[in-house]
Number of protein chains: 2
Amino acid sequence: MEVTTLTDVTDSATAKGEQTRELILSTALRLFREQGYGKTTMRAIATEAGVSVGNAYYYYGSKDHLMQAYYDLLQDQHRSAVEELLASEKAFVPRMTGVLRTWLEVAAPYHEFAGTFFKTAADPKSPLSPFSDESRPARDAAVEIFRRVVEGSDLKVPADLRAELPELLWLLQMGVVLFWVHDSSEDVRRTRTLINRAVPLVDRLLRLTRIPGVRGVVTDLLGLIHSIKP
Amino acid sequence: MEVTTLTDVTDSATAKGEQTRELILSTALRLFREQGYGKTTMRAIATEAGVSVGNAYYYYGSKDHLMQAYYDLLQDQHRSAVEELLASEKAFVPRMTGVLRTWLEVAAPYHEFAGTFFKTAADPKSPLSPFSDESRPARDAAVEIFRRVVEGSDLKVPADLRAELPELLWLLQMGVVLFWVHDSSEDVRRTRTLINRAVPLVDRLLRLTRIPGVRGVVTDLLGLIHSIKP
DNA sequence: GTCTATAACACGATAGAC
DNA sequence: GTCTATCGTGTTATAGAC
């Protein structure tokens, strides 16, 4: 009985902590969306959430960590938003195009904020860097989406290339995102054009790999990739 | 006579200002190199240069502007360091490889600092962004190097592709630099490997463009590039 | 126009009490 | 887990000297 009570106390304490953690995060994201990352101060987040600055730092080691948490959230949303498409569509081009378009939709509310996000992500020393060890789980989850894009499709490519393809497609997405961050056109039309034209191009390129003369270049490329992996 | 004297005074004043400007910059760069960007304070730069903080801000609007000045300097050094190679070597692969290797050499002392630099550069709102209007002169100068790489070489590619090639090679360099920033291997060996293998691959790829089946993909690619330009 | 000296402000981050 | 007080730093402001 005493044990049970003790457990209950611990549980409720943990639950309360979790509640505070989420309150701080959701408040921060709202303010980021409303006023941008730069103009949102840690003081404002704390005040708005009804906690102290010190408490905010108790849960999130830095302002950047709040951004990191947002990134994880975004990835989660993208994964579930893409579920239906990957279950129904079988052709490579609409699969890949759909995945990229869905990303645009999910990330849209944070387009301006995303600039600051990638600013931090570009720093090799930052745990938010897409190439850092800390973000490996998030990166693996992202690559996993493209593994499913490839596996569930009608794509016919050599086995060795197919194995590297998910990571290469993820890299393509990184490029699209980089373009998107800098895209200030109405309704990010230029990014949409990029997706609409780049994916069929990739598809065409992949079909070419069966031509003997092209095959050698692909082998070289795969060798290059292998040689620069850490 | 009075005019001459007046001019002299103005000139010497300007010269003195220029001297102070350079003193501040060189001091800042030395401290950045020695202790990193983050740990170098504006107060330290001013003290070390023997000027007041206010004076440092008189010449450089912000700490980031000092980084911007470094970038311009780097580009200048790269351009002159590459001069001899471009004058003597005629084959595409050694030309391109040499240009990229030279960049590594010129930038080497600032490898760690470069992380912070690209962090700032990745922000679309920053004037340091390689895609911003403010950095257009610097970008044009960089692309110009690759225009010379192409023009002075024995490369045989279709005219429409050749026209876009300098910008594409510059983009390749951006990729190499991004890789380099994240490369913590001894003597950046992985980046060297990337250059050594990627350039011949590009060369091979460019030769393939004469195959009819491949030609169509190139046309598509050029169309894509054209359609997403602002 | 160039420069000094000093104070002040805002913000990210931390220390230490409770 | 939570708070208040405080620090260090980028940046700005003031008020003037040469």
Side-chain angles (χ1 to χ4, degrees), chain A residues 6 8-25 27-28 31-32 35-70 113 116-117 119-120 123 125-128, chain B residues 5-25 27-28 31-32 35-70 113 116-117 119-120 123 125-128:
Chain A
L6 204 65
D8 281 340
V9 169
T10 309
D11 277 5
S12 89
T14 307
K16 194 187 168 203
E18 215 44 49
Q19 212 175 348
T20 308
R21 172 179 236 109
E22 277 162 29
L23 174 64
I24 292 167
L25 178 59
T27 306
L31 293 180
F32 288 164
Q35 349 174 312
Y37 185 77
K39 281 179 185 162
T40 304
T41 69
M42 288 300 283
R43 285 165 177 82
I45 294 169
T47 304
E48 197 78 3
V51 301
S52 70
V53 180
N55 201 10
Y57 275 99
Y58 177 79
Y59 286 105
Y60 296 94
S62 75
K63 199 179 171 184
D64 283 358
H65 280 75
L66 284 163
M67 206 155 50
Q68 164 86 295
Y70 156 68
F113 166 41
T116 315
F117 175 71
K119 167 183 163 138
T120 309
D123 182 1
K125 279 163 293 183
S126 165
L128 273 79
Chain B
T5 309
L6 204 63
T7 308
D8 281 341
V9 167
T10 309
D11 276 4
S12 89
T14 307
K16 194 186 169 206
E18 217 42 51
Q19 211 174 348
T20 307
R21 171 179 236 107
E22 276 162 30
L23 174 64
I24 292 168
L25 179 59
T27 305
L31 293 179
F32 289 163
Q35 349 173 309
Y37 184 77
K39 283 180 184 161
T40 303
T41 68
M42 289 299 284
R43 287 166 179 84
I45 294 170
T47 305
E48 197 77 4
V51 300
S52 69
V53 179
N55 200 10
Y57 274 99
Y58 177 78
Y59 286 106
Y60 296 94
S62 74
K63 200 179 169 183
D64 282 359
H65 279 75
L66 285 163
M67 205 154 52
Q68 165 86 292
Y70 155 69
F113 166 42
T116 315
F117 173 71
K119 170 183 162 137
T120 309
D123 183 1
K125 280 162 291 185
S126 165
L128 272 80

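At a threshold of 4.5 Å between non-hydrogen side-chain atoms, the residues A:Thr47 and A:Val53 do not count as touching. A 4.5 Å side-chain heavy-atom check between A:Glu22 and A:Leu25 finds every atom pair outside the cut-off.
Using cut-offs of 30° and 60° for the angle between ring planes, the B:Phe117 and B:Tyr70 rings count as perpendicular.
Phosphate contact (OP1/OP2 of C:dT2, side-chain N/O of B:Lys16, threshold under 4.0 Å): absent. For the pair A:Tyr58 and D:dG1, the criterion of a side-chain N or O lying under 4.0 Å from OP1 or OP2 is met. Phosphate contact (OP1/OP2 of C:dT2, side-chain N/O of B:Thr20, threshold under 4.0 Å): absent. In terms of phosphate contacts, A:Asn55 brings no side-chain nitrogen or oxygen within less than 4.0 Å of OP1 or OP2 of D:dG1.
Between the CE atom of A:Met42 and the P atom of D:dT2 there is a distance of 14 Å, rounded to whole Å. Between the CD1 atom of B:Ile45 and the P atom of D:dT9 there is a distance of 12 Å, given to the nearest Å. Atom CD in B:Gln19 sits roughly 14 Å away from atom C1' in C:dC3 (whole-Å rounding). The distance from atom CZ of B:Arg43 to atom C1' of C:dT4 is 16 Å, rounded to the nearest whole Å. Rounding to whole angstrom units, OH of residue A:Tyr57 and P of C:dA15 are separated by 13 Å. Distance, A:Lys39 NZ to C:dG12 P: 14 Å, rounded to whole Å. Following rounding to the nearest Å, B:Glu18 (CD) and C:dC3 (P) show an atom-to-atom distance of 10 Å. As rounded to whole Å, 13 Å separates atom P of C:dG1 from atom CZ of B:Arg21.
In this structure, B:Gly50 reaches the sugar-phosphate backbone alone: every heavy-atom distance under 4.0 Å involves primed, P, OP1 or OP2 atoms, never a base. Contact annotation for A:Ser52: base contact, defined as any heavy-atom pair under 4.0 Å involving a base atom. A:Tyr59 comes within 4.0 angstrom of the backbone, heavy atoms only, and of no base.
Annotation: cation-pi geometry satisfied between B:Lys63 and B:Tyr37 (NZ/CZ under 6.0 angstrom from ring centroid, within 45° of ring axis). Under the 6.0 Å distance and 45° angle rule, A:Arg21 counts as a cation-pi partner of A:Tyr60.
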